[in-house]
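Comments concern the structure below.
Numbering of ligands and ligand atoms starts at 1, following listing order. Keep in mind that the numbers below use all heavy atoms, side chains included, and drop hydrogens, waters and symmetry copies.
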Amino acid sequence: MAKQTPISVAYGDGIGPEIMKATLDVIQAAGANIETETVEIGEKVYLRGVETGIEPDVWKSVRRTKVFLKAPITTPQGGGYKSLNVTMRKALGLYANVRPCVSYHPFIRTKHPEMNLVIVRENEEDLYGGIEHRQTDQVYQCLKLITRPGSEKVIRYAFEYARANKHRKVTCFVKDNIMKLTDGLFHKVFDEIAAEYPDIENETWIVDIGAAKLADRPENFDIIVMPNLYGDILSDVAAQIAGSVGLAGSANIGDLCAMFEAIHGSAPRHAGQNVANPSGLLLAAVMMLSHIGQSKVSMLVYNAWLRTIEDGIHTYDVFNEGISTRKVGTSEFAEAVISRLGELPKTLKPVSYEASESIHPWQIDTNRRRAGKSLVGVDVFLDWEKGSPDDLGTALSKVSNGPLRLRVITNRGIKVWPNGLPETFCTDHWRCRFTGDEGEIVQPGQVVELLRRVIVAGFDNIKTENLYLFDGKPGFSAVHG
Ligand code: NAD
């Protein structure tokens, strides 16, 4: 017998232990050649005072096995607890979250019988950095970070996944009509990488109309890749309109390890009653088996699961009078799948991974030339509430240093000085842009001296952003208004 593949397993909280037991029973009955190593994460660990909810030996185990099957966990109520999922994804470099959303019509009720798509969500960046600040009495900010390597990794993964699994199209969702630099970068990298895959169709939609089309005609999509926040929201929408969030599994893929989980939570109200649907975690385990090269077992489990669903053997959450034949609990559902191992669905399409290839490893381009960078100004942010925008413009115009002169003031991104409109609502948070003449280079010391003068003049400077040209192109947004 081939050597067993070690996997780390966390039973989680709430319904977690029941659905994990059901999942392991099914895959082991199907012949999964795995050696499980149990680790503890979640509520009990949080309540022991570990703020991440993760004991240190979890990292040791996952580093050794490189594969983690994780049941949902409960985040205790109240502040101070870090999101375990966000910590796991970032600490382990799990950059791509892959969520297949498939309809099982007519056995699971859905308005979209033809739906069969995969959402590939960027998993580490965007607004999920947890870098938030309160800057004034009225204004709070959250930093949105999109990076070239992060975008490259997830987008290339989406195309490689498409090629390996014989998908025809990859769609990108962004909001780069508004966020021209951050989402603009994601779009640009998508176009660059798409050009390397001429065998796969590609398209880009602005996320709002894209989301509307996804909700209306999901059958028109195949693989959709998107930044973290849009992916977080739309993968739940897609899973729900396919039939139920309770049926979807997901893979979190990194260069060194991968984590597999259901997309739903720990449903604490249903814990310990043997009623929960184990399908989301079981389908995550199906993805895990393919990932560790046990595609035959993976197919065996998926086809037996499809047959069980087709036979109308359903847990309460997907039970439908007229469609379902038997309402079962968690363990009975697992037994029903086990008794169908080796059978194929009759109406639903059986899965076959025979034609699938493994995803080719690749390296991101670390030899890229760094762009030439020159400092041309500074945005000085102030907490100020002593008058009108013109009052601020007049007072601040007196402060300058060398080539750095006040050019424009905005409030929430809208120009209010010079020549603002009286109708524009202003908060206590002002961005004051100082630059030299068109494209004139300034020195860092001149910025520091300017800030000293701003503070000496009595202003409350809450932060600054330097303004750079990269290869002669502005690395900052233009001012509207
Ligand atoms: P939830 O997904 O746990 O439950 C919402 C509802 O969906 C449940 O009340 C139940 O009716 C139904 N449901 C979910 N999974 C089901 C299943 N397998 N079988 C049958 N019915 C199911 O979401 P929630 O109530 O918002 O969160 C509960 C806890 O789970 C919270 O502590 C939250 O932080 C945590 N959570 C964890 C994860 C994770 O570990 N990946 C993800 C989401 C939420």
Side-chain angles (χ1 to χ4, degrees), residues 8-24 26 39-47 51-54 58 68-92 94 97-99 104 108-109 121 123 128 228 231-233 235-237 239-252 258-285 287-288 305 308-309 313-320 324 327-334 336-337:
S8 306
V9 168
Y11 281 78
D13 303 312
I15 59 170
E18 299 156 69
I19 61 172
M20 181 58 85
K21 180 178 181 315
T23 296
L24 291 176
V26 173
V39 296
E40 203 188 354
I41 55 169
E43 197 174 22
K44 283 199 212 92
V45 183
Y46 278 120
L47 297 176
E51 65 161 9
T52 55
I54 307 166
V58 175
F68 189 15
L69 182 64
K70 174 185 156 292
I73 59 103
T74 302
T75 314
Q77 298 285 314
Y81 301 110
K82 282 192 180 169
S83 161
L84 184 148
N85 284 323
V86 174
T87 307
M88 290 293 327
R89 288 168 189 165
K90 287 198 190 168
L92 297 174
L94 307 176
N97 186 307
V98 183
R99 291 187 176 188
Y104 303 103
I108 302 288
R109 185 170 284 170
R121 159 189 170 195
N123 218 11
Y128 288 61
N228 206 341
D232 190 1
I233 298 167
S235 56
D236 270 27
V237 172
Q240 186 66 20
I241 65 171
S244 165
V245 283
L247 297 181
S250 79
N252 296 273
M259 180 171 87
F260 300 84
E261 60 185 340
I263 75 166
H264 60 74
S266 58
R269 276 187 300 126
H270 301 287
Q273 297 159 41
N274 189 37
V275 293
N277 187 349
S279 299
L281 189 59
L282 184 63
L283 295 184
M287 295 168 88
M288 178 191 77
W305 179 83
T308 310
I309 293 295
I313 300 177
H314 295 164
T315 43
Y316 83 92
D317 55 316
V318 290
F319 187 86
N320 254 305
S324 310
K327 191 187 276 183
V328 290
T330 315
S331 56
E332 294 76 27
F333 184 82
V337 179

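- Protein heavy atoms are found less than 4.0 angstrom from atom 42 (C) of ligand 1.
- Considering only non-hydrogen protein atoms, atom 21 (N) of ligand 1 sits nearest to Tyr316 OH, 2.8 Å.
- The protein does not reach atom 6 (C) of ligand 1 closely, with no heavy atom under 4.0 angstrom from it.
- When Val245, Ile19, Asn277 are checked for heavy-atom proximity to atom 17 (C) of ligand 1, Asn277 turns out nearest.
- For atom 27 (O) of ligand 1, the nearest protein heavy atom lies 4.0 Å away or farther.
- For atom 30 (O) of ligand 1, a protein heavy-atom neighbour is found at a distance under 4.0 Å.
- In this structure, Lys327 has no salt bridge (charged side-chain N to carboxylate O under 4.0 Å, His left out) partners at least two apart in sequence or on a different chain.
- Scanning the protein heavy atoms around atom 8 (C) of ligand 1, the nearest turns out to be Ala267 CB, 3.8 Å.
- Distances from atom 2 (O) of ligand 1 to the protein include at least one heavy-atom value under 4.0 Å.
- Between Gly280 and ligand 1 there is no heavy-atom distance shorter than 4.0 Å.
- Remark: side-chain polar atoms of Glu18 are paired, donor with acceptor, to backbone N or O of Gly272 under 3.5 angstrom.
- The parts of Thr75 lying near ligand 1 are both backbone and side chain, judged by heavy-atom distances below 4.0 Å.
- Of the N and O atoms on the side chains of Asn228 and Asn123, not one donor lies less than 3.5 Å from an acceptor on the other residue.
- The protein non-hydrogen atom at the shortest distance from atom 39 (C) of ligand 1 is Asn85 ND2, 3.3 Å.
- The aromatic ring centroids of His270 and Tyr316 lie less than 6.0 Å from each other.
- Every N/O-N/O distance between Thr74 and ligand 1 stays at or above 3.5 Å.
- No N or O atom of Ala262 sits closer than 3.5 Å to an N or O atom of ligand 1.
- Checked by distance only, ligand 1 and Gly265 come closer than 3.5 Å through their nitrogen or oxygen atoms.
- Using a 4.0 Å cut-off between a side-chain N of Lys or Arg and a carboxylate O of Asp or Glu, Lys44 and Asp13 do not qualify as a salt bridge.
- The shortest N or O to N or O distance between Ile73 and ligand 1 is below 3.5 Å.
- Not a single heavy atom of Glu43 sits closer than 4.0 Å to an atom of ligand 1.
- Between the side chains of Ser235 and Arg121, not a single donor N or O lies within less than 3.5 Å of an accepting N or O.
- With sequence neighbours left out, Tyr46 forms a ring pair (Phe, Tyr, Trp, His ring centres under 6.0 Å) with Tyr81.
- Regarding atom 9 (O) of ligand 1, its nearest protein heavy-atom neighbour is Arg269 NH2, 3.3 Å.
- Counting the atoms of ligand 1 from 1 in the order shown, those under 4.0 Å from a heavy atom of Ala276 are 19 (N).
- Taking a cutoff of 4.0 Å between a charged side-chain nitrogen and a carboxylate oxygen, Lys70 and Glu40 do not qualify as a salt bridge.
- Between the side chain of Ser244 and the main chain of Gln240, no donor-acceptor pair closer than 3.5 Å is present.
- Atom NZ of Lys21 is surrounded by 12 or fewer heavy atoms from other residues, nucleotides or ligands within 6.0 Å.
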